[in-house]
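Okay, structure first, notes after.
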Amino acid sequence: MKNIEFYDLIELRSALLSIFTNINYGLKEPEIIADLCKEIPDGLNGKIIAQRNISSGSVFVHQQPKVHCDGFKGKCVEIGDLLLIRSEYEKQNCRALLLQAKKTNNLFLTPDNHDQHLLYNEWPEFEYKKSTPSLNGKKRHIQDADVYLGTKYLLLPGNKKRLCNTFGFIPFCDYECYLRCKDIAEIKSEEERIYFRRLYSHYMGLFSAIPTKPDLTNYQCFINELACFILGFAGKSFSTPETGENGWNQVIQDLIDVTAKRPTNYFGKNQRGKEMLSFFTGGNDNGTNSFVDNGNSEDVPDDNEIRDGEGEGISVIVFRLEEPSRD
């Protein structure tokens with residue numbers, strides 16, 4: 001099988017860019033996540049990158065499941081807004097990226113939700129609350145040193161309806177802009193912080209960020225990171241948890257299991273999200289290729305249709321890379 005080259009990343013990033021520029025960022029956060037859950041699989045299904053066929057499916061769920069841990073000021077918070085999952089050939093190189101979405105006009109952001117920030121920054125032992133009977137009351141504790149590879153904030157543009165192809169607004173989509181963004185990590189003075197804050201509040205694009213305190217750090221272009229994730233170079237690896245395990249592997253398995261059991265989902269009357277997730281739960285993987293069926297996509301729910309705590313599981317987008325059929 002062909003090795004993945006740099007130009008494969010460029011090709012995939014270009015495909016993602018065309019998807020993300022059509023998203024309406026003037027919507028509320030749940031609606032944007034619902035939009036992404038529909039448009040990303042629709043835009044990628046059937047594409048071949050580096051001699052690998054991309055199959056993708058999704059499920060949208062709002063504000064589920066919720067967790068509580070010591071140190072919270074409130075009762076509980078959602079564990080995340082969006083979970084990305086990828087695999088390649090017979091469960092090889094399974095990776096996950098758990099994202100907490102936040103609309104903002106500024107970098108150097110200090111999240112306004114103390115409890116959510118504490119959870120993502122420290123990952124103390126937590127307990128599932130307001131989830132499902134199978135998870136409620138169960139405790140988990142992620143202690144991996146590289147947890148920040150798999151748990152990040154997703155920063156959405158707060159004052160723009162559409163991304164546009166002007167310099168700086170789609171960060172990292174040209175090399176000069178990449179260098180400018182890269183310089184953020186080397187900022188020393190408060191004057192430089194103010195300059196870059198103003199610059200990127202005007203040219204705000206899509207970023208991921210590590211949940212450090214007091215401000216988020218290590219900003220990356222999310223379009224570029226997602227391309228790397230799909231190709232297997234970003235996110236955090238996971239595997240089937242061992243008996244008694246309660247860390248990263250078990251948390252990802254929890255979220256996959258509870259979402260795969262959902263009876264319905266918004267995006268695909270053929271339950272394409274559920275079928276795709278069966279690949280990770282040990283279920284029958286027959287029908288995975290039926291995800292390449294954009295004709296059955298349902299409309300994205302508007303804000304009046306999205307209700308807190310509706311359904312079970314978490315919003316998930318799954319990517320599977322396969323060798324194209326030689327029939």
To the closest 0.5 Å, what do you measure between CD1 (Ile54) and CG (Leu12)? 5.0 Å
Looking at every heavy atom in both Ile19 and Gly43, which two are closest together, and how far apart are they? CD1-CA, 3.7 Å
Tell me, yes or no, whether the heavy-atom count around Lys139 atom NZ, taken from other residues, nucleotides or ligands under 6.0 Å, exceeds 12. no
For Ser237, is there any backbone N or O sitting under 3.5 Å from a side-chain donor or acceptor partner on Trp248? yes
Side chains of Asp215 and Thr110 only: does a donor on one sit below 3.5 Å from an acceptor on the other? yes
Minimum heavy-atom distance between Leu206 and Tyr25, given as atom pair plus value: CD1-OH, 3.3 Å
Heavy-atom closest pair, residues Ile223 and Leu16: O-CD1, 3.8 Å
Do side-chain atoms of Asn53 reach the backbone of Ile48 as a donor and acceptor pair under 3.5 angstrom? no
Distance from Ile10 atom CD1 to Leu17 atom CG, nearest 0.5 Å? 11.0 Å
Selection residues 242-256 - residue pairs positive for salt bridge (charged side-chain N to carboxylate O under 4.0 Å, His left out), sequence neighbours left out: Arg140-Asp254
With clusters defined by side-chain heavy atoms of hydrophobic residues (ILVMFWY) lying less than 4.5 Å apart, directly or transitively, does Leu149 cluster with Leu97? no
Counting N and O atoms only, with roles assigned by atom type, does the side chain of His68 sit under 3.5 Å from a partner on the main chain of Lys75, one being a donor and the other an acceptor? yes
Minimum heavy-atom separation for Leu98 to Ile79, with atom names? CD2-O, 3.7 Å
Take atom NZ in Lys47; do more than 12 heavy atoms of anything else shown fall under 6.0 Å from it? no
So, Ser18 side chain and Ala15 main chain: donor-acceptor pair closer than 3.5 Å or not? yes
Using a 3.5 Å distance criterion without hydrogens, assess whether the side chain of Lys103 forms a donor-acceptor pair with backbone atoms of Leu27. yes
Over all heavy atoms of both residues, which pair between Leu82 and Cys37 is shortest? Give the atoms and the distance, please. CD1-SG, 4.0 Å
Report yes or no: does Asp144 contribute a side-chain atom to a donor-acceptor pair with the main-chain N or O of Asp146 at less than 3.5 Å? no
Taking Asn249 for its side chain and Phe238 for its backbone only, find out whether a donor-acceptor pair lies under 3.5 Å. no
Considering only NZ, NE, NH1 and NH2 on the basic side and carboxylate oxygens on the acidic side, decide whether Glu11 and Arg13 come within less than 4.0 Å. no
Are any of the side-chain heavy atoms of Phe233 and Leu9 separated by less than 4.5 Å? no
Tell me if a side-chain donor or acceptor on Gln116 pairs with a main-chain N or O of Glu78 at a distance below 3.5 Å. yes
Decide yes or no for Leu84 and Leu99: does some side-chain heavy atom of the first lie under 4.5 Å from some side-chain heavy atom of the second? yes
Show your working on side chain to side chain contact (heavy atoms under 4.5 Å, CB included) between Leu154 and Phe222 and close with a plain yes or no. CA-CA 8 Å; Leu154 170 59; Phe222 182 66; 3.5 Å; yes
Please, which pairs that meet salt bridge (charged side-chain N to carboxylate O under 4.0 Å, His left out) have at least one residue in residues 217-228, sequence neighbours excluded? Lys152-Glu225
4.5 Å side-chain heavy-atom contact, Asn24 and Ile32: no
CG of Leu155 to OG of Ser208, rounded to nearest 0.5 Å, is 7.5 Å
Quick one: does Cys221's side chain get under 4.5 Å of Phe207's, heavy atoms only? no
Arg52 and Asp8: salt bridge (charged side-chain N to carboxylate O under 4.0 Å, His left out), yes or no, with the steps? CA-CA 10 Å; Arg52 293 158 172 82; Asp8 297 317; over 6 Å; no
Mind running side chain to side chain contact (heavy atoms under 4.5 Å, CB included) on Glu322 and Ser55 for me, showing each step along the way? CA-CA 8 Å; Glu322 301 176 291; Ser55 297; 3.5 Å; yes
Can you check side-chain hydrogen bond (donor to acceptor under 3.5 Å, both in side chains) on Asp257 and Gln253, steps first, answer last? CA-CA 6 Å; Asp257 288 344; Gln253 195 66 53; 3.0 Å; yes
Got a second to check how far Ile252's CD1 is from Ser239's OG, nearest 0.5 Å? 11.0 Å
Worked check of side chain to side chain contact (heavy atoms under 4.5 Å, CB included) between Leu321 and Ile230: CA-CA 8 Å; Leu321 277 64; Ile230 294 171; 3.9 Å; yes
Looking only at heavy atoms, which two atoms of His117 and Pro211 are closest? And how far apart? NE2-O, 3.7 Å
Between Asn45 and Ser56, is there a donor-acceptor pair closer than 3.5 Å when you use the side chain of the first and the backbone of the second? yes
Ile256/Val316 under side chain to side chain contact (heavy atoms under 4.5 Å, CB included): CA gap, chis, key distance, verdict: CA-CA 8 Å; Ile256 290 172; Val316 181; over 6 Å; no
May I ask you to say whether Glu88 pairs ionically with Arg320, meaning some side-chain N is under 4.0 Å from a carboxylate O? no
Please verify the inter-ring angle class for Tyr120 with Trp123; under 30° counts as parallel, over 60° as perpendicular, anything in between as tilted. tilted
Any donor-acceptor pair under 3.5 Å linking the side-chain atoms of Asp81 with those of Gln100? yes
Set of residues satisfying ring-ring contact (aromatic ring centres under 6.0 Å, His included) with respect to Tyr148, sequence neighbours excluded: none
Measure the CG-CZ distance between Leu119 and Phe126 for me, rounded to the nearest 0.5 Å. 6.5 Å
Is a side-chain N or O of Arg95 found less than 3.5 angstrom from the main chain of Ser87, in a donor-acceptor match? no
Rounded to the nearest 0.5 Å, what separation is found between the SG atom of Cys69 and the CG atom of Asp115? 7.5 Å
